[in-house]
Amino acid sequence: VQLQASGGGLVQTGGSLRLSCAASGLMFSTYSMGWFRQAPGKERESVATINWGGDGTYYADSAKGRFTISRDNAKNTVYLQMNSLKPEDTAVYFCAARRWATAQHMSAMNSDMLYWGKGTQVTVSS
């Protein structure tokens, strides 16, 4: 399984970014996907997850109303649209995959139960 995240960058407070994660080496339509993040000195945390069919999502409280996770099974890609960004959103964002998990269950899984990609840095300046 290979997961390649992209789309990070430097943005001002209130700005937007769209992250993408291209997946390969798996039957994408059977995998739930998620975005997690890790800020300096902090533990990795779940941001948003989506089930294999795209009809179930789960968001961290910090992401609700600002972030939207979506997927395109034809392109083997999952997205995270981030709006109204805040300095506290600054982190390395990672894409993860887990077969047949519900979105909520995936958000709470131990990291060793997920496939991980390399992260993409998101920096929000104040």
In one Ile/Leu/Val/Met/Phe/Trp/Tyr side-chain cluster, 4.5 Å: [X], [Y]:
X   : Y    : value
Y58 : M109 : no
V47 : V11  : yes
V1  : F28  : yes
L26 : Y115 : yes

Please check if the side chain of [X] supplies one atom and the backbone of [Y] the other of a donor-acceptor pair under 3.5 Å.
X    : Y    : value
S29  : N73  : no
W116 : S111 : yes
T123 : L10  : no
T77  : A22  : no
R18  : Y79  : no
T13  : S125 : yes

Rounded to the nearest 0.5 Å, what separates atom [atom1] in [X] from atom [atom2] in [Y]?
X    : Y    : atom1 : atom2 : value
Y59  : T49  : OH    : OG1   : 8.5 Å
H105 : W100 : NE2   : CH2   : 15.5 Å
Q81  : I69  : CD    : CD1   : 12.0 Å
R71  : C21  : CZ    : SG    : 10.0 Å
S46  : R37  : OG    : CZ    : 9.5 Å

[Y] and [X], any side-chain heavy atoms less than 4.5 Å apart:
X   : Y    : value
F94 : L3   : no
L85 : F67  : yes
T90 : Q121 : yes

Fill in: Neighbour count >12 (heavy atoms, 6.0 Å) for atom CD, Q38
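Yes, CD of Q38 has more than 12 neighbouring heavy atoms, counting only those of other groups under 6.0 Å.
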
Item to complete: Start with the C-alpha distance between S6 and Q4, add both sets of side-chain angles, then the distance that settles side-chain hydrogen bond (donor to acceptor under 3.5 Å, both in side chains), and finish with yes or no.
Response: CA-CA 7 Å; S6 62; Q4 182 65 52; over 6 Å; no

On a heavy-atom basis, which atom in [X] and which in [Y] lie closest, and how many Å separate them?
X    : Y    : result
A5   : C95  : CB-CB, 4.5 Å
W35  : S20  : CH2-O, 3.5 Å
A101 : M106 : CB-CB, 4.1 Å
A97  : M33  : CB-SD, 3.5 Å
L19  : Y93  : CD1-CB, 3.6 Å
F36  : A96  : CE1-CB, 3.8 Å

Discussion item. Within the 3.5 Å criterion, strictly below it, is a donor on T30 or R99 matched to an acceptor on the partner's side chain?
Written reply: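 Short answer, yes.
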
Worksheet item: N51 and T102: side-chain donor and acceptor closer than 3.5 Å?
Response: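 Result is no, nothing qualifies.
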
Discussion item. Let's go through D89 and K86 carefully: what are the C-alpha distance in whole Å and the side-chain angles of both, what is the deciding distance for salt bridge (charged side-chain N to carboxylate O under 4.0 Å, His left out) to 0.1 Å, and is it a yes or a no?
Written reply: CA-CA 5 Å; D89 294 318; K86 306 174 182 180; over 6 Å; no

Fill in: Test ring pair (Phe, Tyr, Trp, His ring centres under 6.0 Å) applied to Y31 - qualifying residues, sequence neighbours left out
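Result, ring pair (Phe, Tyr, Trp, His ring centres under 6.0 Å) vs Y31: none returned.
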
